[in-house]
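Proteins come first, then strands; the chains are lettered A, B, ... in the order of their sequence lines, and each starts at number 1.
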Protein chains: 2
Amino acid sequence: MTPTSPMDPSSDASDASIDARGTTSSPTTEVGAPTRPRPPAGRSALSRERIVDAAIRLIDTEGVAALTMRRLGAALDVEAMSLYRYVNGREDLLEAVVDALVDSIRIPAPGQLEPVDGWQAFLQWLAHDVRRLALEHPAAFPLIATRHPAAPWLRPPLRSLRVVEAFLEGLRARGFRDEQAVAAYRTFTSFLLGHLLLESAMQGAELSPAEEPLDEGDADLPNRDQDLDLTDFPALTRLRGQLTEDHTEEEFEAALEHLLVRLDLELAQ
Amino acid sequence: MTPTSPMDPSSDASDASIDARGTTSSPTTEVGAPTRPRPPAGRSALSRERIVDAAIRLIDTEGVAALTMRRLGAALDVEAMSLYRYVNGREDLLEAVVDALVDSIRIPAPGQLEPVDGWQAFLQWLAHDVRRLALEHPAAFPLIATRHPAAPWLRPPLRSLRVVEAFLEGLRARGFRDEQAVAAYRTFTSFLLGHLLLESAMQGAELSPAEEPLDEGDADLPNRDQDLDLTDFPALTRLRGQLTEDHTEEEFEAALEHLLVRLDLELAQ
DNA sequence: ACCTGAACACCGTTCAAGT
DNA sequence: ACCTGAACACCGTTCAAGT
């Protein structure tokens, strides 16, 4: 069971920008849009896609707290109020950011992956692609993880109709029955969520809070060096070195391997 | 391997209020505090503990977004600025909330649990107590899950020195070697995080966003009924019923059982 | 010692007005 | 059709001032 690397040989989109459209682009929209007036001056025209892209960039570089309508407008050389033409307020913008990120998950089409190893390779590929997403956007991943999805059965981090559909069909095409595919969806999402949220929390630690200059000895406020005072905690003092080591990647691989074994057992019965 | 129910027979604290002290109450603080002046009028005096309690209550009932310094002050019959005597700003308050909640996790002392079943019973007990915490405070659990901890090795949701120390010592007392206990800490936290975050996200779905009245047919904005338009998604349409069923509890039990089996295997080698 | 009024900078959002 | 100025309500936070 070799882990398949998530490298799409026929990837057409540029890797930096994100495939960001409206949440559900109904096919009836944009029926006849023949003459688009050109942007007037040097900078290009606004669009929902450009806004979402800039929002993702802002989150990646400065954290979710820095994503304010006014600062996002400034990043796009525009006043904040202009954004409301394309976005239904900040909540809707965050939703669009999550959708765009989740939509960047690529799922191997049937035939695109070597048929050897079957569903194991399929899940390995998908798991590593979601992990790539989490590590590329550690500051945004908590949004994917915690914003409540549109339907209760759209479980993070696989919270798009397209992805879940492809997941279920992918497993069916590789021998799962319907109920087995649904059960696998549940265990797979829980596994991804736990591991990737921990990993992205470790990665993007320095973003969320502003720098806090400590004031001089105000004694009735608790001191902030929680990670230093390990008296009364002998096990922690003894194991601090081991605990600090980063084994997230091996953890991920080992847990994924165990998940596949577990699914294999449940397939047989 | 029977799941032990987390019911502490000798629970002294009232179940509603939370054991909320400062982040790390250094023993040198509060050395001699002999004469505390009584609160002047009908309502009781402010304190960090009362503030944190009220904050948790506000989050539980109205969501994290509703926790503002001004509203919290109003809930305590006080102006917002008074809170800054006890709390180092909103970030510090949120940190205190997380600490108080995590500190409500009770860990069976050696001897308190029946020695039969050993470490499996210990982990079962602990897992169910953390699950209780997540289900009692679904709106606050994302904070526990995503706020980056004080030390990188304090992994959510077990992010307090006391809890991690007790975890490691509890396993050692039941036959784990140091490195095995550390490995178990890693897999156990990932497991808890994934399952409980999903479960609490399902539970507290209606809190985060304000009610959004939909405006009439503005055609160039995406429509919001994402959970309804399932054309082009045959698997989802077919399996929608199964997907909607809530099996979170069985999932949790099954995954926990598998985790114990997995740890058992790694113990032997 | 503890709380507050006033003030500041920043925020989301609306709407009439500009081009 | 698209962007903006002005305005409103709300926010976190500071600090001198009250009791």
Asks: Less than 4.5 Å apart, any side-chain heavy atom of B:L126 and any of B:F188?
Replies: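 SC-SC contact between B:L126 and B:F188 confirmed.
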
Asks: Using the side-chain heavy atoms of A:T68, tell me which of these nucleotides is nearest: C:dC3, C:dG12, D:dC3.
Replies: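 Nearest to the side-chain atoms of A:T68, counting from C-beta on, is C:dG12.
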
Asks: Just how far, in rounded Å, is C1' of C:dG12 from CG of A:N88?
Replies: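 My rounded result for the distance is 13 Å.
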
Asks: How many whole angstroms separate atom CD of B:E91 from atom C1' of D:dG12?
Replies: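 Rounding to the nearest Å, CD of B:E91 and C1' of D:dG12 are 11 Å apart.
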
Asks: Base, sugar-phosphate, or nothing for A:R90, non-hydrogen atoms under 4.0 angstrom?
Replies: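 Sugar-phosphate: the residue A:R90, judged by heavy atoms under 4.0 Å, touches backbone atoms but no base.
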
Asks: Counting side-chain heavy atoms from C-beta on, which of D:dG5, D:dC2, C:dT4 comes nearest to A:E79?
Replies: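 For the A:E79 side chain, the nearest candidate turns out to be D:dG5.
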
Asks: Counting heavy atoms from C-beta on, name the nucleotide in C:dC3, C:dC11, D:dC15 closest to the side chain of A:R71.
Replies: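 So the side chain of A:R71 is nearest to C:dC11.
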
Asks: Nearest to the side chain of B:L46 - D:dT14, C:dG12, C:dC3?
Replies: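 The closest nucleotide is C:dC3.
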
Asks: Is A:D129 salt-bridged to A:R132, cutoff N-O under 4.0 Å?
Replies: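 Counted as a salt bridge, because a side-chain N and a carboxylate O are separated by less than 4.0 Å.
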
Asks: Could you tell me whether A:R131 and A:E136 have a side-chain N and a carboxylate O separated by less than 4.0 Å?
Replies: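 Not counted as a salt bridge, because no side-chain N and carboxylate O are separated by less than 4.0 Å.
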
Asks: Give DNA chain C the dot-bracket treatment, 5' to 3': Watson-Crick (N1-N3 with N6-O4 or O6-N4) or G-U (N1-O2, O6-N3) under 3.5 Å, [ ] crossing, | other strand.
Replies: ||.|||||...|||||.||

Asks: Would you kindly compare A:M81 and A:A66 by the position of their nearest DNA chain C nucleotide and give the one closer to the 5′ end?
Replies: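 Nearer the 5' end of the strand: A:A66.
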
Asks: Could you check how far CE of A:M69 sits from P of D:dA9, rounded to whole Å?
Replies: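 The answer, rounded to whole Å, is 20 Å.
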
Asks: Take atom CG of A:L76 and atom P of D:dT4, then tell me their distance rounded to the nearest Å.
Replies: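 About 11 Å, once rounded to whole Å.
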
Asks: In whole angstroms, how far is the P atom of D:dC11 from the CG atom of B:L83?
Replies: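 B:L83 atom CG is separated from D:dC11 atom P by 13 Å.
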
Asks: From the list C:dA7, C:dC11, C:dT4, which nucleotide is the closest neighbour of the side chain of B:R70?
Replies: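 The nucleotide sitting nearest to the side chain is C:dA7.
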
Asks: Atom CG of B:L72 to atom P of D:dG12: distance rounded to whole Å?
Replies: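 Rounded to the whole Å, the gap is 10 Å.
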
Asks: Could you state the atom-to-atom distance from OH of A:Y84 to P of C:dG12 in whole Å?
Replies: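 Roughly 6 Å, once rounded to whole Å.
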
Asks: Check A:D92 with A:R48, please: is the shortest side-chain N to carboxylate O separation under 4.0 Å?
Replies: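 Answer for the salt bridge query: yes.
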
Asks: Detail all sub-3.5 Å separations between protein N/O atoms and N/O atoms belonging to nucleotides 16-19 of chain D.
Replies:
none

Asks: Of all the choices, D:dG12, C:dC3, C:dT14, which nucleotide is nearest to the side chain of B:Y86 once you look at every atom?
Replies: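 The nucleotide sitting nearest to the side chain is C:dC3.
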
